[in-house]
Amino acid sequence: MIDVYVTPAGIIELMKGESPDTESTGGSTEKRTPSEPFANVYMSYESFSKFSVTIKLNTELAEEVKFNLRRKGIGWKLTEILFPL
């Protein structure tokens with residue numbers, strides 16, 4: 001199971017919200033169409049000290065996960081993770 005999930009292809013499938021293909025191992029020679037794993041990710045400043053990263057999970061149902069970061073000194077700290085109900 002680890003060999004399927006902890007591969008570049010498996011991680012890309014997880015980031016797209018899909019389950020990795022457990023039938024094949026990472027060494028298959030068939031070509032897959034490349035996808036953009038961050039196509040549904042939106043980033044924005046909500047204020048000077050708050051930055052948000054929103055991942056759209058399902059555009060039809062408007063489901064999204066939102067990560068809020070706040071300024072901490074000269075860096076940023078993850079302060080909230082908001083999941084859909």
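Note that this is a predicted model, so its numbers are computed, not measured.
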ask   = With distance as the sole criterion, is a donor-acceptor pair present between the side chains of Glu64 and Thr54 under 3.5 Å?
value = no

query = Rounded to the nearest 0.5 Å, what separation is found between the OG1 atom of Thr79 and the NZ atom of Lys72?
reply = 11.0 Å

task = Please answer: with hydrophobic residues joined when any side-chain heavy atoms are less than 4.5 Å apart, are Val41 and Phe51 in the same cluster?
result = yes

task = Hey, could you give me the NZ/OG distance between Lys77 and Ser49, rounded to the nearest 0.5 Å?
result = 14.0 Å

inquiry  = Minimum heavy-atom separation for Asn68 and Leu78, please, with both atom names.
reply    = O-CD1, 3.4 Å

ask   = Any chain of hydrophobic side-chain contacts (each under 4.5 Å) joining Tyr45 to Met43?
value = yes

inquiry  = Test side-chain contact (heavy atoms from CB on, under 4.5 Å) on Phe67 and Glu80; report intermediate values, then the result.
reply    = CA-CA 6 Å; Phe67 299 90; Glu80 293 178 301; over 6 Å; no

key: Val53-Tyr42 co-clustered via ILVMFWY side chain contacts under 4.5 Å   = no

task = Kindly compute the distance separating NZ (Lys66) from CD1 (Ile81), expressed to the nearest 0.5 Å.
result = 13.5 Å

